[in-house]
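Working notes, structure below.
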Amino acid sequence: MLIQENLSIQEKLSILSDAAKYDVSCTSSGVERKGKKGGLGCASQEGICHSFTSDGRCVSLLKILLTNQCIYDCKYCINRCSNDTLRTAFTPEEVCSLTMEFYRRNYIEGLFLSSGILGSPDHTMELICQILWKLRRHHQFNGYIHVKAIPGADPSLIEAAGFLADRMSVNLELPTAEGLRRLAPGKTREKILKPMRQIQTGILRQIQAEGLALPWSLPEGEQGRYLSGEKESGRAWLFSSEGKHNSPVQRLGRSRYGNWGIRQDSGKKAYFVPGGQSTQMIVGATPETDFQMLSVAEALYQKFGMKRVFYSAYVPVNQDAGLPALPGGPPLLREHRLYQADWLMRYYGFDAGELLTEKRPNFNLFLDPKCDWALQHLEKFPVEVNSADYQTLLRVPGMGIKSVSRILSARKTASLSFSDLKKIGVVLKRAQYFITCSGRMMNSVKIDQDYIASCLLGEERRRAWEISASGSYRQLSLFDDMHLQKR
C-alpha cells in the first residue's frame with residue numbers, strides 16, 4: 001500500500017474524516033478542566049456540543065484518523081489492507097493545525113483521534129503521543145482529547161498517551177474470540193485486553209494516590225502488583241526528547257520508548273485518563289445473540305471499570321463470503337435496543353441476566369427492554385407510587401431517574417395523583433399499566449400480559465419504524481457546503 005503524500009490537507013481531511021465515521025466511541029467528555037491564561041480551550045463535564053455525520057451518527061469532536069493505512073485485514077473494515085482504496089496519512093503537525101484552527105473557529109471543542117496501523121502498533125502509538133504532546137505543550141491546548149490505545153503497542157507509549165489524553169478507548173470489535181478469529185485474524189482477545197487492563201490499573205493507581213475508594217476490584221493478586229509503586233500524586237507532566245530524532249514519522253526502535261517518561265514538576269499535577277476508558281462492539285457482523293453481547297458489556301463494566309460500551313450496527317462496506325448479507329440493511333433497531341439495555345444496567349440497577357436469558361437470548365424489537373421486562377414480571381406490579389422505594393419505582397416503565405427523584409421529594413408533603421405524576425414528568429402512556437395512586441389505577445385495566453402488550457405496541461411500533469427508516473432522512477454534517485438560494 002502506498003500513502004499519497006502529495007495531497008492537500010483539505011483532501012486528507014475529506015478522506016480521513018470519512019474513514020473515521022464508523023467509530024462511534026464519541027460522547028460527552030466527563031472531564032472538567034478550566035481555561036487558563038496563556039492556553040486555549042477548556043473541557044466540561046456537562047458535555048461537548050454535538051454535530052452529526054451524514055449517516056446520522058453523533059459527532060462531538062473533530063473526528064479523524066491519523067491514517068487509513070492498516071497492516072490488518074479485518075473483513076468488516078473499509079480500511080483493511082486488501083481493499084483497493086486511496087491511502088493517506090496526516091503528519092503530527094497537520095493534526096495539530098487542524099485541531100487548533102477548527103477550535104478557533106468554534107466548530108469543535110476537542111479532538112477524537114483514531115488510526116489504522118501504520119507500519120507497526122509501536123510506530124502508530126508513538127505518532128499519536130507526538131500529536132498529544134504538541135497540542136498540550138506547544139499549542140497549550142486544554143480542550144478535550146479522546147484517543148485510541150493501539151493494541152500491541154509498548155506499554156510505555158500507552159502510559160504516555162494516558163497522561164496527555166482525557167479519555168482512551170480500545171475497541172473490542174467483536175464480543176467473542178471466535179468472531180475475532182473469523183473476521184479479524186490479525187487481532188486476538190489477549191492483545192486487545194492487555195491495554196484495557198493497563199488503563200484500568202493506571203486509573204486505579206491515580207484514585208488511590210488521591211486517597212479515594214476504589215470503584216471496582218482488580219483480579220485477585222494484581223492489586224498489590226499495580227498499586228505498590230510510589231505515590232502518583234507527585235507525578236506530573238510527561239516530557240519527550242523531541243528534536244533528537246531525524247523525522248517525527250521515522251519508525252522508532254524499542255530502546256527509544258524510555259524517552260517518553262514522567263518527571264516531577266512543582267505546581268503541576270498529571271492525571272491519568274481522567275475521563276475513563278470506553279470500547280466498542282460491532283452488532284450483527286457475527287451471529288452472537290443480544291444476551292452474549294450484553295453479558296460481555298456487563299463483564300467489561302464490572303471487571304475493567306469501563307466508562308462506556310458503545311454498540312455499532314454493522315454496515316456492509318466490503319464484499320466477503322464471511323460477512324452477513326443483511327438484506328434489511330444495518331441492524332439499527334437492534335443497536336438501539338442494546339443501548340437501552342446498557343442504560344438500564346448502568347443507571348437502573350438491572351443485570352444482564354434479568355433482561356435476557358439463554359432461553360430468551362434476543363430483545364423484542366417492538367418493545368423497549370424495560371417494558372419487555374415488566375411484562376415478563378407482572379407479579380411485581382402494580383406498584384403504589386406513594387409508598388414504593390426508589391429502586392422499585394426505577395423499574396416502572398415510563399419512569400426515569402429524574403422523575404423518580406421528584407416523586408420521592410414531592411410525596412413527603414402530599415399524596416400524589418396521576419395528574420401530579422404527569423406534571424413531574426412520568427410518561428403515563430406506559431406507566432399507567434404498572435402503577436397505582438392511593439390504591440387506584442389510572443383506568444380500569446386488567447393486569448394481563450397480552451392486553452398490556454397490545455396497548456404498548458402501538459407506540460413502540462411507530463418508534464421502531466422511525467429508527468429502522470432513519471436512513472431516509474439526511475442529517476447535517478460538520479463539513480457540509482450549504483448552497484442557499486438568494487431571495
Side-chain angles (χ1 to χ4, degrees), residues 25 66 71-72 92 113-133 136 145-173 180 186-209 214 216 218-242 245 250-264 270-279 300 303-307:
S25 300
L66 173 62
I71 62 175
Y72 294 131
L113 182 62
S114 185
S115 182
I117 309 302
L118 182 62
S120 70
D122 287 334
H123 177 52
T124 307
M125 200 69 218
E126 174 77 11
L127 292 177
I128 290 175
C129 287
Q130 289 183 19
I131 291 168
L132 298 183
W133 175 263
R136 295 297 196 206
I145 299 179
H146 179 162
V147 298
K148 292 292 178 183
I150 306 298
D154 189 276
S156 66
L157 295 174
I158 304 292
E159 183 179 25
F163 278 98
L164 292 168
D166 293 298
R167 177 172 289 183
M168 296 184 74
S169 56
V170 186
N171 283 355
L172 190 63
E173 305 288 9
L180 281 175
K187 300 178 180 178
T188 63
R189 178 57 56 86
E190 293 73 20
K191 189 181 293 185
I192 293 172
L193 294 182
K194 183 178 178 180
M196 278 189 187
R197 179 68 71 194
Q198 181 185 352
I199 294 170
Q200 177 210 15
T201 52
I203 295 172
L204 284 170
R205 288 160 61 186
Q206 184 79 57
I207 290 173
Q208 187 183 31
L214 299 179
W216 69 89
L218 287 169
E220 185 177 356
E222 288 192 16
Q223 182 164 322
R225 172 188 169 195
Y226 284 99
L227 303 182
S228 61
E230 62 183 19
K231 292 280 186 177
E232 295 295 322
S233 57
R235 286 191 165 188
W237 297 107
L238 296 165
F239 71 96
S240 166
S241 56
E242 182 184 351
H245 314 313
Q250 175 183 351
R251 188 175 188 276
L252 303 179
R254 187 177 182 84
S255 62
R256 290 163 61 180
Y257 298 146
N259 293 328
W260 293 94
I262 307 291
R263 69 181 173 91
Q264 304 287 343
Y271 289 95
F272 187 82
V273 196
Q277 67 169 321
S278 61
T279 191
L300 290 172
K303 297 180 181 180
F304 288 84
M306 200 65 58
K307 193 78 171 180

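All residue numbers in this chain count up from 1 along the given sequence. As a basis for the values below, the full set of heavy atoms in this structure was taken, side chains included, without hydrogen atoms, waters or symmetry mates. Note that the structure is a prediction, hence the values are computed from the model and not measured.
Taken to the nearest 0.5 Å, the CG atom of Leu113 stands 10.0 Å off from the CG atom of Leu127. Of the inter-residue distances, the one linking Leu157 atom CG with His123 atom NE2 reads 11.5 Å to the nearest 0.5 angstrom. Considering CE of Met168 and CD1 of Ile203, their distance stands at 9.5 Å, rounded to 0.5 Å. Atom CD1 in Ile71 sits 7.0 Å away from atom OG in Ser120 (nearest 0.5 Å). Between atom NZ of residue Lys187 and atom CD1 of residue Ile192 there is a gap of 6.0 Å, rounded to the nearest 0.5 Å. Between the CD atom in Gln277 and the CZ atom in Phe272 there is a gap of 9.0 Å [rounded to 0.5 Å].
Across all non-hydrogen atoms, the minimal contact from Cys129 to Leu164 is O-CD1, 4.2 Å. Nearest heavy-atom pair, Ala153 versus Ile158, reported as atom, atom and distance to 0.1 Å: CB-CD1, 4.2 Å. Shown here for Pro121 and Tyr72, the closest heavy-atom pair between the two residues is CG-OH, 4.2 Å.
In this structure, Lys194 does not pair ionically with Asp154, as no charged nitrogen and carboxylate oxygen lie closer than 4.0 Å.
Cation-pi geometry between Arg197 and Phe304 is met: under 6.0 angstrom from the ring centre, within 45 degrees of the axis.
Using a 4.5 Å cut-off on side-chain heavy atoms (C-beta onward), Thr188 and Leu180 make no contact. Counting heavy atoms from C-beta on, the side chains of Thr279 and Leu300 come closer than 4.5 Å. Side-chain atoms of Met125 and Lys148, non-hydrogen and from C-beta on, never get closer than 4.5 Å to each other. No side-chain heavy atom of Glu126 sits under 4.5 Å from any side-chain heavy atom of Asp122. Ile145 places a side-chain heavy atom less than 4.5 Å from the side chain of Leu132. At least one side-chain heavy atom of Pro151 sits under 4.5 Å from a side-chain heavy atom of Val170.
Between the side chain of Arg167 and the backbone N or O of His146, no donor-acceptor pair lies under 3.5 Å. With Gln206 contributing its side chain and Pro274 its backbone, the two residues share no donor-acceptor pair below 3.5 Å. With hydrogens and angles ignored, the 3.5 Å screen pairs no side-chain donor or acceptor of Ser278 with any backbone N or O of Ser169.
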